[in-house]
Each structure stands twice: as C-alpha cells, then as structure tokens.
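Scroll down for the structure; my scribbles are underneath it.
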Amino acid sequence: MSATAKQTATETATRRHLLLASDRGDQSSELARILRSVGDVEMMATTEIPENPGNRFSGVIVDINLRSPESVQRVRKKLASRAYSEVPRLFVLAEALHHATMQAWALGATDTIARPFSPADVLQRIRSALPADDGYDETDRGKLLNRGVEAAQAVMVKMFEKLPDGVALTMADIVAAESKILKAIKHSSLREWLTIVGCHHNDTYRHCLYVTGFAVGFSIHLGMREEDQRRLVRAALLHDVGKAFIPVAVLDKQGKLTAEEIAILRQHPRRGYEALARQGGFPPEMLDVILHHHEFLDGSGYPDALHNEQISDIVRLTTIVDVYAALIENRAYRPAFSHARAFSIMESMGSKLDQQLLQAFRPVAMGAH
C-alpha cells in the first residue's frame with residue numbers, strides 16, 4: 001500500500017469532526033467539499049456556534065469577513081468559551097494582507113488559509129493543525145510540532161501586534177516558547193517545520209519562523225550545548241522585532257521597494273534594538289543579533305558598517321540563516337530560489353559572510369528540501 005493510500009485509510013478510520021463557521025454562505029461550499037475528504041464537516045453561521053460543544057469538534061475553521069467588526073466580535077465572544085480553549089482553529093483569509101492576518105491571530109488562530117484555495121495546501125494544513133481524533137500515524141510528533149509552531153506564532157503576535165501598541169514583550173515570553181520550538185524540531189524534523197511555516201500567508205511571520213527553524217537545525221548540527229541552542233533560538237526568534245515599527249505599507253508592498261522605502265526598512269535593526277534595550281531584561285547577545293544581523297564582514301552591511309572581528313559569532317551564524325531563508329522564500333518581486341541556487345549565491349558573496357561557517361551550514365541547508 002502506498003504512503004498516500006495508508007494515510008487515506010488511517011484518516012477514513014479516524015475521522016476528524018470539523019466545525020466550519022461561516023458568514024459567507026455559498027462562498028464556503030468549495031472549502032466544505034475540500035474538508036470532507038479528511039473529516040466530517042458541520043457548516044453553520046457564526047450566530048449558531050454552540051456555546052458548549054463538549055468534545056464534539058476536533059477543530060474549527062472560521063470563514064468570515066475579518067474587516068467586519070460585528071463578525072469579528074461575534075466570533076471572539078463564541079470562541080472565548082472555555083470549551084473552545086484547547087480546540088485548534090484555522091481562519092480563512094480573503095486577502096493575504098497584514099490587517100487580516102493580524103486580526104486572525106488576535107482571535108486565537110492556530111493557522112490561516114487563504115483564497116483562492118489550493119486543495120492540496122488546505123489538506124496539508126488541516127492534517128498538520130488538526131490530527132485525526134485517534135490512531136493518527138504521527139500523533140506524538142504532530143502534537144509536538146504543532147505546539148512548537150503555535151508557541152512561535154504567539155511570540156510573533158506579541159512582537160508585531162502588541163509591542164507597537166506599548167504592550168511589553170518580556171524575556172519570559174521568549175523562554176516560554178523556546179523549549180516547545182526546540183522539542184518540535186528535534187522530535188520531528190527541520191523539513192517538517194519548514195513545510196508548515198512555509199504555508200504562512202504573512203511574509204514577515206514566515207521569514208522569522210524560517211530563520212528560527214534553520215537556526216535550531218544549525219545549532220543541533222554544530223553540536224552546541226543545550227544552553228547555547230536556547231540562546232540562538234531566542235535571538236533568531238526576535239531578530240526582526242524592529243519590523244514591528246515599520247509601516248505596514250512598506251512591509252506588505254507587492255513589488256520592489258523604492259530607495260526611500262528601503263531606507264525606512266533599514267531602520268528596523270536599530271528600532272528593534274532601542275525598543276528592547278529601553279525595556280530591559282534582554283541579554284546582550286540577543287540585542288547584538290537584533291541590531292547587527294544585517295552587518296557583513298567586509299563592512300558593507302548596516303546599521304554600523306562593522307568589520308570582521310567586530311561581528312560576534314552568534315551574529316555571523318544568524319546572518320547566514322537569515323540570508324538563506326530570505327533567498328528560498330517567494331517574494332513579490334521574484335520567485336524563491338532553489339536550495340542549491342541559494343547556497344551558490346551565498347558562496348558568491350565571498351568576504352561578506354563567514355565562508356567557513358557557511359560551509360558548515362551546507363548539510364543543514366541541503367537536508368531541508
């Protein structure tokens with residue numbers, strides 16, 4: 001029996017019970033048809049969501065207008081019930097924009113899917129976020145992976161939604177997430193982590209989660225001590241925190257940035273550093289990564305044009321995984337590079353990067369696809 005057939009047989013024997021809450025009527029029928037291949041689907045208006053479903057649903061998929069205050073408030077009230085506190089929830093985005101994504105995560109999204117639907121992508125996301133009710137092939141691995149991704153996403157929400165509004169991001173927030181992230185990758189694989197977070201519809205979130213995954217994979221490959229692995233995952237998770245203070249119009253622009261927009265974007269390392277340094281409680285090496293992850297060994301980086309020995313080991317490592325993650329991601333102005341092409345580009349950067357460290361990264365990069 002093929003792997004696909006085995007998976008289908010397993011899912012048939014252990015059906016998920018899914019609630020599709022929709023205020024979009026016929027627009028949700030296509031999604032319902034896709035979902036029925038991996039579970040039993042109850043489709044209802046958000047006004048009909050039961051206050052106490054018991055153990056009736058293994059997951060909730062919400063398809064509403066996230067720009068409608070009435071719909072958002074109605075769903076927030078329904079899902080705030082303790083009965084839904086442990087139920088994974090996926091939100092449908094009509095548009096892959098910052099506002100809609102932020103609204104979904106504020107409502108407790110486990111993940112998001114977006115129109116137009118790709119059935120294969122939707123099913124992969126459902127299988128990852130909502131394991132079948134019992135007997136699923138990879139329940140333990142799946143749960144650890146989901147918890148790790150959820151923990152990382154929770155940090156993203158605090159960084160990019162709450163921090164700009166003055167809500168403090170604390171070291172305790174990061175420490176609470178790091179163990180789950182490390183366990184997720186160690187007990188599944190870097191490839192599985194990248195597959196899940198690679199479907200994220202918010203470019204900034206996806207990039208941070210990619211960098212975090214590669215940093216963990218690299219630290220394990222290098223045989224780092226547990227505490228050093230933790231230091232690296234903390235730094236990678238927060239490296240782009242300064243983007244929380246960059247206008248959404250610049251972050252979400254569909255196309256190449258102008259010279260003025262690039263100058264604005266390049267403020268993010270210092271903006272992030274100043275925000276967390278002012279707040280206090282973050283170790284020096286984390287602040288170093290936040291401020292200097294765009295520095296190059298030949299002095300051509302920013303914001304301080306550092307050279308060689310002025311750049312710490314943890315920054316050199318984070319810069320490598322940051323550049324690599326950016327190259328293998330789809331961007332509005334270019335498609336993703338293959339893993340081999342991305343690595344070749346980095347080799348051609350010569351003295352900008354620590355080439356010895358880059359070669360040590362090769363097995364991690366090549367093993368991730």
Side-chain angles (χ1 to χ4, degrees), residues 2-4 6-8 10-11 38 88 90 110-113 118 120-132 136-153 156 177-203 205-224 229 232-233 236-237 239 317-318 320-331 335-346 357-369:
S2 69
T4 302
K6 287 180 180 177
Q7 184 177 44
T8 302
T10 299
E11 290 175 342
V38 291
L90 282 79
T110 301
D111 202 349
T112 59
I113 51 181
S118 160
D121 285 347
V122 171
L123 296 181
Q124 185 271 324
R125 305 287 278 280
I126 293 294
R127 288 175 177 130
S128 297
L130 311 175
Y136 189 58
D137 286 349
E138 297 182 330
T139 297
D140 292 338
R141 286 161 58 94
K143 284 182 178 179
L144 283 172
L145 188 58
N146 292 332
R147 286 172 190 150
V149 173
E150 288 169 16
Q153 288 171 342
M156 295 297 104
E178 70 186 34
S179 293
K180 293 178 182 178
I181 294 169
L182 285 166
K183 284 182 181 178
I185 297 174
K186 288 179 179 179
H187 290 84
S188 55
S189 69
L190 174 58
R191 185 180 303 176
E192 288 172 284
W193 174 274
L194 296 176
T195 297
I196 290 181
V197 304
C199 297
H200 211 300
H201 291 88
N202 180 294
D203 291 345
Y205 279 30
R206 183 178 63 243
H207 176 70
C208 289
L209 297 175
Y210 264 17
V211 171
T212 300
F214 277 118
V216 173
F218 200 7
S219 72
I220 294 170
H221 175 70
L222 292 174
M224 287 186 175
Q229 291 179 14
L232 185 59
V233 72
L237 200 56
H239 81 284
L317 195 154
T318 306
I320 285 173
V321 298
D322 183 34
V323 172
Y324 187 79
L327 289 172
I328 65 166
E329 294 168 29
N330 283 307
R331 294 295 168 96
F337 291 108
S338 69
H339 287 260
R341 177 61 179 145
F343 198 85
S344 176
I345 290 171
M346 293 180 70
L357 197 57
L358 177 62
Q359 292 306 317
F361 180 62
R362 180 189 289 273
V364 181
M366 295 301 104
H369 63 94

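FYI, side chains are in, hydrogens and waters are out, and symmetry mates aren't considered; it's all heavy atoms of this structure.
Between atom CG of residue Leu182 and atom CG of residue Leu144 there is a gap of 12.0 Å, rounded to the nearest 0.5 Å. The distance from the NE2 atom of His221 to the CZ atom of Phe214 is 13.5 Å, given to the nearest 0.5 Å. A distance of 10.0 Å separates CG of Leu327 from OG of Ser338, quoted to the nearest 0.5 Å. Atoms CD1 and CG, on Ile328 and Leu194 in that order, are 6.0 Å from each other to the nearest 0.5 Å. To the nearest 0.5 Å, the span separating CE on Met224 from OG on Ser219 amounts to 6.0 Å. We find the CZ-OG1 distance between Phe218 and Thr318 to be 10.0 Å, quoted to the nearest 0.5 Å.
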* To do: Please step through side-chain contact (heavy atoms from CB on, under 4.5 Å) for the pair Leu358 and Tyr324, ending with a clear verdict.
  => CA-CA 10 Å; Leu358 177 62; Tyr324 187 79; over 6 Å; no
(request) Assess whether side-chain contact (heavy atoms from CB on, under 4.5 Å) is satisfied between Lys180 and Val149, documenting all intermediate values. (result) CA-CA 8 Å; Lys180 293 178 182 178; Val149 173; over 6 Å; no
**Message:** Quick one, His239 with Thr212, criterion side-chain contact (heavy atoms from CB on, under 4.5 Å). Give me CA distance, side-chain angles, the key distance, then yes/no.
**Reply:** CA-CA 9 Å; His239 81 284; Thr212 300; 5.9 Å; no
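Judged purely by atom type and a 3.5 angstrom limit, Ser344 has no side-chain atom pairing as donor or acceptor with the backbone of Ala340.
Annotation: salt bridge (Lys or Arg N to Asp or Glu O under 4.0 Å) contacts of Arg341 (sequence neighbours excluded): none. Under the salt bridge (Lys or Arg N to Asp or Glu O under 4.0 Å) criterion, Lys186 pairs with Glu226, not counting sequence neighbours.
Between Leu209 and Gln153 the shortest side-chain heavy-atom distance falls below 4.5 Å. Residues Phe361 and Leu317 fail the side-chain proximity criterion, which asks for heavy atoms closer than 4.5 Å.
Closest approach of Glu178 and Val233 over heavy atoms only: CB-CG1, 3.7 Å. Nearest approach of Ala365 to Phe343, heavy atoms of both residues: CB-CD1, 4.1 Å. Residues Ala152 and Trp193 approach most closely at CB-CH2, 4.0 Å, considering heavy atoms. The two residues Ala215 and Leu232 have their closest heavy-atom pair at O-CD2, 3.3 Å. When every heavy atom of Ser188 is checked against every heavy atom of Leu145, the shortest pair comes out as OG-CD1, 3.4 Å. Nearest approach of Val211 to Ala325, heavy atoms of both residues: CG2-CB, 3.8 Å.
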